[in-house]
Amino acid sequence: TEAELDAIFQQRIEDEQKIEPKDWMPDTYRKNLIRQMSQHAHSEVIGTQPEGNWITRAPSLRRKAVLLAKVQDESGHGLYLYSATETLGVSRSELIAALQDGSAKYASIFNYPAQTWGDMGAIGWLVDGAAIVNQVSLQRTSYGPYARSMVRICKEESFHQRQGYQVMIELAQGSSKQKCLAQDSLNRFYWPALMMFGPHDSESAHSAKSMKWKIKRETNDYLRQKFIDQTVSQIEFLGLEHPDKNLKWNEERGHYDSSELDWDEFYAVINGNGHCNRQRIQHHIKAHEEGTWVREAMAAYKNKHIKAQHVA
Ligand code: 3HC
């Protein structure tokens with residue numbers, strides 16, 4: 001019966017067995033994974049827009065090459081994650097349609113504009129830094145293809161974070177104008193980076209199920225706290241002011257106590273009313289339409305190749 005299958009499945013999860021595409025899984029497990037993994041892939045792809053805007057404006061050839069490499073990596077992470085999601089029995093075109101019609105989400109952080117070169121530093125350092133905290137945890141997720149994709153992605157993320165932090169070091173140790181640029185980017189990207197970890201556990205719609213199925217290995221608040229704690233000394237090293245005026249070390253907790261986030265802003269942005277939501281989706285739709293000829297050529301080549309195989 002379904003109940004017996006569920007029980008066997010849950011025992012496999014308890015026994016730390018990886019669930020593979022051909023294994024039986026509860027529909028709700030499958031649907032939750034398609035939701036999270038496809039939104040993860042959408043985030044990688046939409047995230048290339050703010051950074052892509054700065055490739056032609058990079059201050060040096062080296063910075064341009066490094067940023068180009070990062071944007072290329074992120075597109076590859078998206079491809080990787082779409083392919084991993086497709087193992088759950090959903091097509092790429094369905095996933096893209098959900099992104100473009102607004103029914104699927106992507107990381108809220110990418111709806112904030114990248115206004116200065118300092119933002120390229122803050123995004124690499126803070127956004128990829130937060131993504132690393134989240135993705136290192138996801139390397140142990142119960143679904144095999146997702147866990148394996150995280151191992152590869154995490155290796156590239158550390159380069160993304162380090163190149164961003166290096167930009168911040170150069171600016172913070174540069175002229176007073178450059179230091180102000182770094183401080184302004186830190187101030188604008190610090191809070192939205194904390195929102196990448198999702199709502200409080202008490203408000204999280206999916207965390208209880210995701211923890212039970214070991215899709216999530218740590219909770220939103222646990223990972224957010226880890227990121228807050230690790231960022232304090234990085235801000236100190238830059239000689240910048242911490243954006244959170246209430247930040248205070250709590251010896252008893254062994255963590256920093258910090259200000260509450262602006263959850264009205266969080267829900268406004270994830271429900272489509274951030275600075276750049278419409279622009280990001282329109283750009284994606286336009287680029288996707290312009291790429292139709294590539295998909296058609298691939299399909300024609302594939303059909304010709306299959307026919308040639310049948311003839312041979
Ligand atoms: N941005 C957009 N939506 C968010 C969000 C955020 N920062 N945080 C939460 N949400 C959404 C959830 O998707 C869910 O909505 P849905 O039911 O329509 O999907 C709702 O808010 C409730 O949140 P939950 O905590 O219940 O949702 P989850 O259990 O899915 O937890 C999460 C949210 C922690 C983001 C989890 O989905 C996750 O770990 N996802 C994988 C990691 C990921 O997507 N990272 C995004 C960044 S990728 C990136 O930064 C690229 C890097 O290379 C630059």
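We count ligands from 1, going down the list as the structure has it; atoms in each ligand are counted the same way. Numbers here simply count residues along the sequence, with the first being 1. FYI, side chains are in, hydrogens and waters are out, and symmetry mates aren't considered; it's all heavy atoms of this structure.
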Does a side chain donor of either Thr48 or Glu74 reach within less than 3.5 Å of an acceptor in the other side chain?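 Result is no, nothing qualifies.
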Is it the case that His242 and Glu236 place a side-chain donor and acceptor less than 3.5 Å from each other?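 Note: His242 and Glu236 side chains miss the donor-acceptor criterion.
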Ligand-residue contact atoms, ligand 1 with [X], heavy atoms, under 4.0 Å:
X: Ala205; value: 26 (O)
X: Gln39; value: 13 (O), 19 (O)
X: Asn220; value: 25 (O), 34 (C)
X: Phe197; value: 34 (C)
X: Gly198; value: 8 (N), 9 (C)
X: Tyr106; value: 1 (N), 2 (C)

So Lys216 and Ser207, side-chain hydrogen bond (donor to acceptor under 3.5 Å, both in side chains) or not? Walk me through it. CA-CA 7 Å; Lys216 266 187 190 176; Ser207 281; 2.6 Å; yes
Should the ring pair Phe237 and Tyr165 be called parallel, tilted or perpendicular, given that the plane angle runs from 0 to 90° and is split at 30 and 60? tilted
Indicate the ring-plane relationship of Tyr267 and Trp263, choosing parallel, tilted or perpendicular according to the 30° and 60° boundaries.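 Ring orientation, 0 to 90° scale: tilted.
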Atom 32 (C) of ligand 1 protein-contacted (non-hydrogen atom, under 4.0 angstrom):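 Under 4.0 Å from atom 32 (C) of ligand 1, zero protein heavy atoms found.
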Heavy atoms of the protein only: does one fall short of 4.0 Å from atom 2 (C) of ligand 1?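 True for atom 2 (C) of ligand 1.
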Out of [options], whose heavy atom sits nearest [atom]?
atom: atom 46 (C) of ligand 1; options: Ala107, Gly78, Gly124; value: Ala107
atom: atom 14 (C) of ligand 1; options: Glu157, His160, His206, Lys209; value: His206
atom: atom 54 (C) of ligand 1; options: Ile109, Asp128, Thr219; value: Asp128
atom: atom 23 (O) of ligand 1; options: Ser204, Ser38, Pro199, Gly274; value: Pro199

List the atom of Ala122, the atom of Ser185, and the distance in Å for their closest heavy-atom pair. CB-CB, 3.8 Å
Lys216 heavy atom under 4.0 Å from ligand 1: yes
With a 4.0 Å cut-off on heavy atoms, is Tyr267 touching ligand 1? no
Would you check if Trp213 and Gln10 make a side-chain contact, meaning some heavy-atom pair closer than 4.5 Å? yes
Decide yes or no for Tyr146 and Met37: does some side-chain heavy atom of the first lie under 4.5 Å from some side-chain heavy atom of the second?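 Yes. Closest side-chain heavy atoms under 4.5 Å.
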Dump the intermediate steps for side-chain hydrogen bond (donor to acceptor under 3.5 Å, both in side chains) on Thr231 and Tyr190, then the final yes or no. CA-CA 10 Å; Thr231 309; Tyr190 180 75; 6.0 Å; no
Nearest protein heavy atom to [atom], by residue and atom, and its distance?
atom: atom 41 (C) of ligand 1; answer: His40 ND1, 3.3 Å
atom: atom 7 (N) of ligand 1; answer: Met195 O, 3.0 Å
atom: atom 12 (C) of ligand 1; answer: Arg35 NH1, 4.0 Å
atom: atom 35 (C) of ligand 1; answer: Met196 O, 3.7 Å
atom: atom 21 (O) of ligand 1; answer: Ile270 CD1, 3.6 Å
atom: atom 6 (C) of ligand 1; answer: Ser108 OG, 3.6 Å
atom: atom 51 (C) of ligand 1; answer: Glu44 OE1, 3.2 Å
atom: atom 39 (O) of ligand 1; answer: Asn134 ND2, 2.9 Å

If we set the cut-off at 4.0 Å for heavy atoms, which region of Gln36 has an atom near ligand 1: side chain, backbone, both, or neither? side chain
Would you say the ring centers of His160 and His77 fall short of 6.0 Å from each other? yes
Are [X] and [Y] close enough for a salt bridge, meaning some N to O gap below 4.0 Å?
X: Arg12; Y: Asp23; result: yes
X: Glu14; Y: Lys212; result: no
X: Arg140; Y: Glu16; result: no

